[in-house]
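All values reported here derive from a predicted model rather than from experimental measurement. Reckoned from all heavy atoms, side chains included, excluding hydrogens, waters and symmetry mates. Reminder, nothing fancy here: chain letters follow the sequence lines and each chain counts from 1.
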Amino acid sequence: MVLGLKDKASKVADLAQRRGFYWPSWEIYGGVAGFYDLGPLGKELKNKIMELWKKIMIHPLQRIVVEIETPMITPYKVLEASGHVENFTDPVVECKSCGRKFRADHLIEEVTGLKVEGLKPEDLTKIIKENNIRCPVCGGELGEVKPFLLLFQTQIGPYEGDRGFIRPETAQGAFVNFKRVYQLMREKLPFGIAQIGRVGRNEISPRQGLLRLREFTIAEIEFFIDPLNPGRPPLDYNAKIRLLPWELAKGGQKEPVEVTVKEALEKGWIMNEWMAYWMLKAKELLNLLGVSDEDQYFEEKSPEERAHYSSQTYDQLVKTERYGWMEVSGHAYRGDYDLRRHIQYSGKDLYAFRKFKEPKRVRVKVVRWNAKELGMRYKSKAKEIIEELKRKDPEVIERELYDKGYVEVAGERIEKGIVWIEEREDVITGEKFIPHVVEPSFGVERLLYVALEHALKEKDGRLILSIPKYLAPIQAVVFPLLEEEALINKAKEVWQMLLEEGLRVEYDEKGSIGRRYARYDEIGVPVAVTIDFQSLEDDTVTVRDRDTWEQIRVNINELPEVIRKIISMKK
RNA sequence: GCGGCGGUCGUCUAGCCUGGACUAGGAUGCCGGCCUUCCAAGCCGGUGAUCCCGGGUUCAAAUCCCGGCCGCCGCACCA
């Protein structure tokens with residue numbers, strides 16, 4: 001293998017395919033861009049990564065962060081409410097001569113100054129024709145405006161009207177369940193709904209292997225807070241964080257700055273303490289996946305780049321060799337956007353309730369009326385009159401009655417005495433409000449790739465997957481030094497014993513010992529146990545470290561504990 | 001989607017320009033055997049390639065032409 005000649009991404013892709021981490025889906029039919037299969041090792045590693053994610057994101061706040069699961073197939077109405085049906089489609093127009101594509105609405109606004117947001121593609125096409133707008137690059141003629149919907153569409157059941165989509169994020173499943181989980185959390189904020197699940201986005205041009213997929217796994221938390229009383233996260237204010245806030249970026253700054261969390265909050269670079277908390281957690285997670293601080297930072301998205309629901313978004317970027325800085329997580333302050341929209345579209349009560357410290361006593365003016373009198377005088381019109389009285393501001397009615405002696409509703413003059421204003425004192429114990437949402441969201445396959453790329457090392461022309469030891473899919477391997485019956489028997493005994501200890505262990509007797517070390521270094525097995533002739537005499541074996549290649553000799557009955565210690569996260 | 005480059009055993013690659021002896025060669029991996037007392041050792045044997053797919057040109061196509069698919073790089077969108 002000519003290792004030196006290839007870049008790291010190729011080496012990762014090569015290793016992934018050769019040793020069974022991942023490969024393109026539907027390969028024997030030529031493959032389909034944007035879809036990848038996970039092989040045996042890839043699947044195990046991904047499981048480990050998801051476990052780790054839960055350990056970092058959920059476990060420390062387990063009393064207030066809970067995991068749920070909701071369907072991938074999502075009804076039209078839900079994604080209409082979320083704004084995705086509207087916002088996940090771009091009107092695109094193509095130049096007939098050079099083939100370049102443009103956002104049709106942006107192009108028109110630039111050239112004509114007309115506000116055309118929300119217009120239909122046909123109208124946009126018309127405007128382009130009427131104003132003779134041409135390709136801004138080559139001057140060629142432009143074609144029809146077409147919407148490009150990034151959502152995968154399907155149909156639910158046999159009825160064509162029941163349109164469904166594959167969810168582009170798991171978040172909506174959390175929002176629609178807000179009330180139920182709120183009640184399960186005994187109506188206390190803040191709390192978080194975590195979800196790990198597959199999503200689909202019909203990317204125009206997926207590329208870059210595992211990094212841009214049409215179907216992938218998202219791990220996200222919708223963290224609900226009371227904006228007036230967000231609570232305090234267990235936050236280390238002195239922790240350092242690398243940031244490129246928009247405030248600096250728009251002034252031309254390219255490099256992130258390192259600041260304490262305290263500074264970032266004081267300067268308003270991070271708008272909320274919970275945002276800061278999840279960002280720090282994200283940094284910790286990437287550290288544990290083998291990405292150092294220098295190889296990651298957070299970049300704030302400009303207002304134009306942000307998703308339709310967000311008022312602040314930071315992307316967590318990780319350095320990759322070929323693809324440069326790659327987003328592995330997004331941290332969005334979604335405000336009350338999603339719940340507000342779902343309240344609107346579903347008509348359901350998705351409010352939280354905020355109790356006042358002291359019940360408030362307020363004097364309120366209420367409109368009262370003599371229903372019997374109204375009924376007798378206005379007959380069937382009485383109902384309409386009462387409805388209008390209910391809607392009208394009591395202050396206004398009071399003024400009208402005072403000024404004119406009557407109030408005019410539904411075209412009738414209702415005189416003082418039939419309608420009057422009463423003042424009464426109400427005791428208000430609290431108020432309804434829509435919680436705000438802080439959302440950390442991770443692309444799991446990207447984490448997988450990044451972990452692999454950062455783990456891949458070379459030593460003496462050999463590939464070593466120096467993945468953090470607690471992440472290794474296979475934890476240990478047992479070798480007889482030579483293919484001799486006595487050694488083989490002993491080795492199999494040891495292997496069996498380790499299996500019974502619950503460890504994930506392989507056994508291999510084929511090839512020279514060096515070749516076997518190399519085989520398992522390449523897939524990141526942290527511990528190689530070798531049974532040699534001395535083992536037969538004194539029940540000791542050699543334990544070799546994947547990264548240093550150093551060996552120690554341990555007694556067989558200490559072996560499980562030795563291995564456990566090596567692959568443990570606690571150091 | 002456009003432009004550029006590419007696609008040959010699991011992997012890396014020779015051959016392609018200049019069509020024919022290519023029954024597609026090598027290396028590595030993998031399997032079996034011999035050997036071997038700790039880092040991809042050696043020897044022998046074996047396995048393994050619809051030459052990305054479809055069509056066309058030709059007596060003859062891995063090779064030339066067209067279309068598609070996939071990949072990489074650049075442009076636009078994103079976790």
Checklist outcome for this item: Rounded to whole Å, CG of A:D460 lies from C1' of B:C39 at a distance of 9 Å
Checklist entry - Looking only at heavy atoms, what is the nearest atom pair of A:W325 and A:E294, with distance? => result CH2-O, 3.7 Å
Checklist entry - A:A518 or A:V444: which one's nearest nucleotide on RNA chain B is closer to the 5' end? => result A:A518
Item to check | Under 3.5 Å donor-acceptor pair, A:R446 side-chain atoms to B:C78 base atoms | outcome: yes
Checklist entry - What about A:F223 and A:Y277, are their ring centers closer than 6.0 Å? => result no
Checklist entry - For A:I488 and B:U37, what is the distance between atoms CD1 and P respectively, to the nearest whole Å? => result 15 Å
Next on the checklist: Whether A:R18 contacts B:C30 is assessed here as follows: a side-chain N or O lying under 4.0 Å from the phosphate OP1 or OP2. Is that the case?
Outcome noted: no
Next on the checklist: Using a 4.0 Å heavy-atom cut-off, does A:L211 contact any base of the nucleic acid, only the sugar-phosphate backbone, or nothing at all?
Outcome noted: base
Item to check | Watson-Crick or G-U counterpart of B:G46, or none if no pair lies under 3.5 Å | outcome: B:C30
Next on the checklist: Would you measure the distance from the C1' atom in B:G68 across to the matching atom in B:A24 and give it in whole Å?
Outcome noted: 25 Å
Next on the checklist: Looking only at side-chain N and O atoms, does A:T540 offer a donor or acceptor that is under 3.5 Å from a partner on A:R553?
Outcome noted: yes
Next on the checklist: For the P atoms, the ones on B:C9 and on B:U63, what distance do you get once it is rounded to whole angstrom?
Outcome noted: 15 Å
Item to check | Any side-chain heavy-atom pair of A:E506 and A:V525 under 4.5 Å | outcome: no
Next on the checklist: Using a 4.0 Å heavy-atom cut-off, does A:K301 contact any base of the nucleic acid, only the sugar-phosphate backbone, or nothing at all?
Outcome noted: sugar-phosphate
Checklist outcome for this item: Distance col, row A:I563:CD1 vs A:L498:CG, nearest 0.5 angstrom, shows 4.5 Å
Next on the checklist: Students often get this wrong, so: under 4.0 angstrom with heavy atoms, is A:L213 touching a base, only sugar-phosphate, or nothing?
Outcome noted: base
Next on the checklist: Would you measure the distance from the C1' atom in B:U8 across to the matching atom in B:A27 and give it in whole Å?
Outcome noted: 15 Å
Checklist entry - Taking atom P of B:C78 as reference, at what distance in whole Å does atom CZ of A:R306 sit? => result 13 Å
Next on the checklist: For a quick check of understanding: with a heavy-atom distance under 4.0 Å over all strands, which category does A:T542 fall into, base, sugar-phosphate or nothing?
Outcome noted: base
Next on the checklist: Minimum heavy-atom separation for A:H436 and A:Y333, please, with both atom names.
Outcome noted: ND1-OH, 2.7 Å
Next on the checklist: Any base atoms under 4.0 Å from A:T530, or only sugar-phosphate, or nothing? Heavy atoms, all strands.
Outcome noted: base
Checklist outcome for this item: Using Watson-Crick geometry (N1-N3 plus N6-O4 or O6-N4) or G-U wobble (N1-O2, O6-N3), each under 3.5 Å, B:G19 is paired with none
Item to check | Flag side-chain contact, heavy atom, 4.5 Å: A:F178 against A:E222 | outcome: no
Next on the checklist: Can you check the distance between B:U28 and B:A41, where both ends of the measurement are the C1' atom (answer in whole Å)?
Outcome noted: 15 Å
Checklist entry - Once each nucleotide of nucleotides 67-72 of chain B is scored for protein heavy atoms under 4.0 Å, what B/S/- sequence comes out, 5' to 3'? => result --SSSS
Item to check | From B:A79, B:A40, B:C77, nucleotide with atom closest to A:D315 side chain | outcome: B:A79
Checklist entry - In terms of side-chain heavy atoms of A:R515, which of B:G29, B:C77, B:C38 is nearest? => result B:G29
Checklist entry - With sequence neighbours excluded, what pairs up with A:E27 under the side chain to side chain contact (heavy atoms under 4.5 Å, CB included) test? => result A:Q17, A:W23, A:P24
Checklist outcome for this item: Nearest heavy-atom approach of A:L447 to A:L285 is CD1-CD2, 4.2 Å
Checklist outcome for this item: Pairing partner of B:C64, by Watson-Crick or G-U wobble and under 3.5 Å for both distances, is B:G56
Next on the checklist: Can you check the distance between B:C2 and B:A76, where both ends of the measurement are the C1' atom (answer in whole Å)?
Outcome noted: 10 Å
Checklist entry - Rounded to whole angstrom units, what separation is found between the CZ atom of A:R19 and the P atom of B:G10? => result 16 Å
Checklist entry - When every nucleotide of nucleotides 31-36 of chain B is labelled 5' to 3' by its protein contacts under 4.0 Å (heavy atoms), B for base, S for sugar-phosphate only, - for none, what sequence of letters results? => result -SS--B
Checklist outcome for this item: Among the nucleotides B:C39, B:A40, B:C12, whichever has the atom closest to the side chain of A:D14 is B:C12
Checklist entry - If you measure from the C1' atom in B:C12 to the same atom in B:C30, how many Å do you get, rounded? => result 15 Å
Next on the checklist: Using a heavy-atom cut-off of 4.0 Å across all strands, would you classify A:Q17 as base, sugar-phosphate, or nothing?
Outcome noted: sugar-phosphate
Next on the checklist: Please determine whether any donor N or O and acceptor N or O are separated by less than 3.5 Å between the side chain of A:R462 and the base of B:C39.
Outcome noted: yes
Next on the checklist: Testing the basics here: between A:I49 and A:A451, what is the closest heavy-atom pair and its distance to 0.1 Å?
Outcome noted: CD1-CB, 4.5 Å
Checklist entry - For the residue pair A:R198 and A:R167, what are the closest heavy atoms and their distance? => result O-NE, 2.9 Å
Checklist entry - Of all heavy-atom pairs between A:L151 and A:I166, which one has the smallest distance, and what is that distance? => result CD2-O, 4.3 Å
Next on the checklist: Both A:I513 and A:R212 contact RNA chain B. Taking the nearest nucleotide for each, which residue is further toward the 5' end?
Outcome noted: A:I513
Checklist outcome for this item: The Watson-Crick or G-U wobble partner of B:C75, with both key distances under 3.5 Å, is B:G1
Next on the checklist: Tell me whether A:F216 and B:A79 count as stacked here, given that the ring centres must be under 5.5 Å apart and the planes must differ by less than 30 degrees.
Outcome noted: yes
Next on the checklist: Roughly how many Å apart are B:C70 and B:C65, using the P atom of each and rounding to a whole number?
Outcome noted: 22 Å
Item to check | P-based separation of B:U50 from B:A62 [nearest Å] | outcome: 13 Å
